[in-house]
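Note sheet for the following structure.
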Amino acid sequence: MSYSKTSSITNRDVAHLLRSVAAAYLIKNKNRFRIIAYENAADAVEHLTREVRDLWEEGKLDTVPAIGSTIASALDEYFRKGRSNHFDAVFKGIPLTVFELMKVSSIGPKRAYKLAKHFNLKNSKTVFADVRSLCEKGEIAKLPTFGEKSQEVILRALDLYERRKEATTRMPLPYAYLLAEDLIAYLRKNKKVRRADALGSLRRMVATIGDIDIAVVVENKYAREVIDHFLKYPKKISVDSAGKKKASIIISPQIRIDLRVQSAKDYGAMLQYFTGSKTHNIKLREYALKKGYSLSEYGIKDLKKNTPIRMFDTEEKFYRFLGLSYIPPEIREGTDEIELSEKNRIPKLIEVKDIKGDFHVHSNYDLKPSHDLGINSYREICTKAKELGYQYIGFSDHNPKTSGQSEDAIVKIMAERRRHIEKSLLKIDGLDCYVGLEVDILPGGDIALPKKALNDIDYMIISVHSVFGMDRKSMTKRVLAALENPKVKILGHPTGRLLQKREGYELEWEKIFEVCKKKQIALEINSWPDRLDLPDTLIKEALRYGVKCIVNTDAHANVQMELMSYGVSVARRGWATKNDIINTRDPKEFRRWMFG
DNA sequence: GCCGTTTTCGGCCCGACTGTTTTCAGTCG
């Protein structure tokens with residue numbers, strides 16, 4: 001089973017391995033709860049905030065939920081030797097092509113096995129082409145329990161799979177939002193639609209979105225009509241399924257839209273169910289079951305009494321009936337939110353209206369920067385900040401480039417910039433302006449600004465903008481060295497990830513957290529759509545360490561200053577309260593943090 | 001195979017849609 005070098009095994013690899021075990025057991029008709037156990041273990045590994053291989057090295061595999069003694073010892077052998085007798089035994093007799101075929105939607109373990117066995121498919125490299133040609137020859141339709149329609153479905157799914165492989169599979173949250181808005185506007189054109197919401201991972205504000213989930217309120221008798229309307233969405237490229245209560249369309253090879261219709265009186269249960277996450281829902285249902293209730297998208301059934309299902313028009317009532325306080329969608333990830341909600345200890349998460357300033361904004365002032373300029377002047381940025389209701393603002397142009405100009409020239413540029421800002425923004429009522437700079441962290445850990453220029457700025461955001469490929473240890477050393485500079489107040493987009501384009505670099509986070517806490521340096525939560533960096537799981541860890549964060553937009557144009565809400569949503573997913581975020585403080589307190 | 005402030009045994013989330021069947025298996029979310 002796809003054994004690779006054990007030192008580079010990622011959580012995804014392990015999750016895939018465990019899922020393959022589950023599939024193998026399903027094919028062999030083993031106890032279905034054992035199958036579920038392996039699927040749960042795979043889910044758990046996928047949701048870990050740390051590398052499972054690191055946990056294994058530290059002897060902490062048993063701290064992973066859903067991994068018990070059996071799976072732990074099999075994984076132990078797997079990490080040590082690159083293979084495990086236990087897993088090998090499970091996979092015995094199952095062609096490896098099965099686990100390839102399962103990547104195609106509509107092909108699950110059973111059908112994959114039937115295909116691989118019956119047609120003796122052994123070459124994982126050609127298996128998709130092999131199945132395609134079997135479809136085209138009409139061979140698949142002849143198989144028992146398959147048929148003409150199944151053959152067609154498989155052919156279509158193969159098309160999608162191959163087209164999807166070329167493209168990235170998920171899109172950054174803000175792009176998905178635009179798509180969802182367009183669809184909702186289209187749905188509302190049908191007057192029978194009383195309400196429409198984007199749910200699922202969109203409502204939970206996950207950084208990258210795969211499918212888009214939409215729910216609408218419609219009177220039962222019009223459900224069919226609204227679903228038909230949905231199926232005629234102009235951007236649709238194919239219909240995946242269409243029933244009386246739900247339907248799915250594909251709008252590009254990698255984007256599927258699921259629609260559910262429900263009446264107003266039980267819409268609360270629908271919202272709850274369709275928002276997810278899957279893990280949250282499963283845990284909630286297990287919790288309810290212990291109290292004698294069964295949950296579904298239609299409401300709550302009392303298992304002890306033979307009463308009709310209880311309906312809820314709002315989510316708040318749904319949770320309250322179960323003895324739980326409301327849980328914001330952003331933290332419904334199946335960690336510990338249900339336990340805390342039961343004890344009424346869900347924190348009050350930060351909101352957009354709490355934000356009082358933006359500290360990562362690029363202007364068009366030409367200081368011969370190392371990276372791109374913005375398009376608005378300092379004054380225009382201030383006007384925008386006032387419009388957004390901010391009480392302070394920080395200008396953080398990129399540092400002047402270090403090649404091609406002397407240190408003295410750079411010092412001069414910086415002094416001139418400071419004079420320019422002070423002159424042009426002498427008095428703006430109710431808006432404190434800070435002169436900042438976003439400075440590159442050079443590969444050796446130095447910062448890309450001469451010492452003599454430090455006097456002309458109030459604060460520095462330091463960021464890695466080059467040489468991303470360093471190993472964890474060296475990168476940590478590099479960042480720690482740069483954090484020592486006294487003018488550093490913010491570590492910018494701390495992982496350097498670009499969603500769907502570039503993985504972030506690895507850091508020894510405990511060390512970073514420690515220094516940031518000691519020196520009162522804020523970790524940035526960057527709202528830029530392709531960044532959303534710091535990621536939510538790391539925010540949660542940072543806050544546990546007592547580190548503060550700051551939410552910025554990294555705007556290069558005024559309109560981008562409006563993207564703050566995405567950064568705030570990431571903060572919320574990291575369980576951040578107002579108190580955890582520096583730029584919610586009132587101007588006086590903020591000044592104290594800046595210069596204190 | 002995992003898990004436990006009712007349990008170390010006896011439970012384990014719930015339903016829709018499709019195709020191939022003629023009551024259900026497979027897949028999906």
Side-chain angles (χ1 to χ4, degrees), chain A residues 18 21-27 29-44 61-62 64-75 86-87 90 101-115 140-154 156-157 199-201 210-215 223 227 239-248 256-262 269-270 272-301 303 309 334 338-339 342-343:
Chain A
L18 294 171
V21 173
Y25 276 139
L26 184 73
I27 290 164
N29 287 317
K30 295 288 177 191
N31 175 298
R32 72 188 179 97
F33 296 111
R34 189 189 294 179
I35 297 164
I36 292 170
Y38 274 93
E39 281 167 353
N40 288 343
D43 283 343
L61 264 190
D62 57 354
V64 181
I67 291 188
S69 55
T70 307
I71 296 181
S73 73
L75 282 180
H86 174 66
F87 293 150
V90 179
L101 282 178
M102 279 173 53
K103 293 174 183 166
V104 177
S105 92
S106 85
I107 300 183
K110 298 260 180 166
R111 300 177 103 189
Y113 183 70
K114 271 184 201 162
L115 290 172
I140 306 265
K142 293 181 197 159
L143 265 188
T145 75
F146 286 74
E148 289 290 339
K149 293 234 174 152
S150 299
Q151 186 171 268
E152 256 173 59
V153 167
I154 289 172
R156 274 213 311 273
L199 304 180
S201 49
D211 297 339
I212 293 176
D213 302 313
I214 307 278
I227 284 186
V239 174
D240 201 45
S241 71
K244 280 186 281 193
K245 307 194 174 268
K246 62 179 196 180
S248 300
R256 210 176 108 111
I257 300 185
D258 293 336
L259 180 83
R260 286 194 172 247
V261 295
Q262 195 101 314
M270 165 93 281
Q272 196 289 316
Y273 160 77
F274 212 22
T275 297
S277 67
K278 193 174 171 224
T279 0
H280 173 81
N281 284 359
I282 288 174
K283 288 198 172 181
L284 191 67
R285 287 169 182 193
E286 282 168 353
Y287 164 86
L289 214 54
K290 285 185 194 146
K291 298 193 154 199
Y293 298 113
S294 167
L295 310 183
S296 75
E297 56 266 52
Y298 302 108
I300 300 178
K301 203 161 42 184
L303 294 170
I309 191 165
I338 293 170
E339 290 96 309
E342 195 181 4
K343 296 175 192 147

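Fair warning: this is a prediction, and the values are worked out from it, not measured in the lab. Every chain is numbered from 1 and lettered A, B, ... according to where its sequence line falls, protein lines coming before strand lines.
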For a quick test of reading the model: is some side-chain N or O of [X] closer than 4.0 Å to OP1 or OP2 of [N]?
X      : N      : value
A:K110 : B:dG26 : yes
A:Y293 : B:dC13 : no
A:Y298 : B:dA16 : yes
A:R285 : B:dC13 : no
A:S294 : B:dC14 : yes
A:T70  : B:dC2  : yes
A:S248 : B:dC17 : no

Using a heavy-atom cut-off of under 4.0 Å over every strand shown, decide if [X] touches base, sugar-phosphate, or nothing.
X      : answer
A:L295 : sugar-phosphate
A:Y25  : sugar-phosphate
A:I35  : nothing

Lys/Arg-Asp/Glu bridge criterion (N-O < 4.0 Å) met for A:D258, A:R256: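 Yes, A:D258 and A:R256 are salt-bridged.
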
Just compare [options] and give me whichever is closest to any side-chain atom of [X].
X      : options                : value
A:H86  : B:dG29, B:dC12, B:dG1  : B:dG1
A:E297 : B:dG19, B:dA16, B:dC12 : B:dA16
A:A242 : B:dC13, B:dT18, B:dT27 : B:dT18
A:K290 : B:dT7, B:dC12, B:dT27  : B:dT7
A:E286 : B:dG29, B:dC12, B:dT20 : B:dC12

Measure up the A:Y38 and A:H86 rings against each other and bin them: parallel (under 30°), tilted (30 to 60°), perpendicular (over 60°).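 Parallel: the ring planes of A:Y38 and A:H86 meet at under 30°.
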
Atom-pair distance ([atom1] on [X]; [atom2] on [N]), nearest Å:
X      : N      : atom1 : atom2 : answer
A:K246 : B:dG15 : NZ    : P     : 12 Å
A:D43  : B:dC13 : CG    : P     : 12 Å
A:K301 : B:dC13 : NZ    : P     : 14 Å

Checking side-chain contact (heavy atoms from CB on, under 4.5 Å) for the pair A:L18/A:D43: CA distance, chi angles, key distance, verdict? CA-CA 9 Å; A:L18 294 171; A:D43 283 343; over 6 Å; no

Around atom NZ of A:K114, are there more than 12 heavy atoms from other residues, nucleotides or ligands closer than 6.0 Å?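 Enclosed.
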
A side-chain contact here means heavy atoms from C-beta on lying under 4.5 Å apart; do A:Y273 and A:R260 qualify?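 Yes, side chains in contact.
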
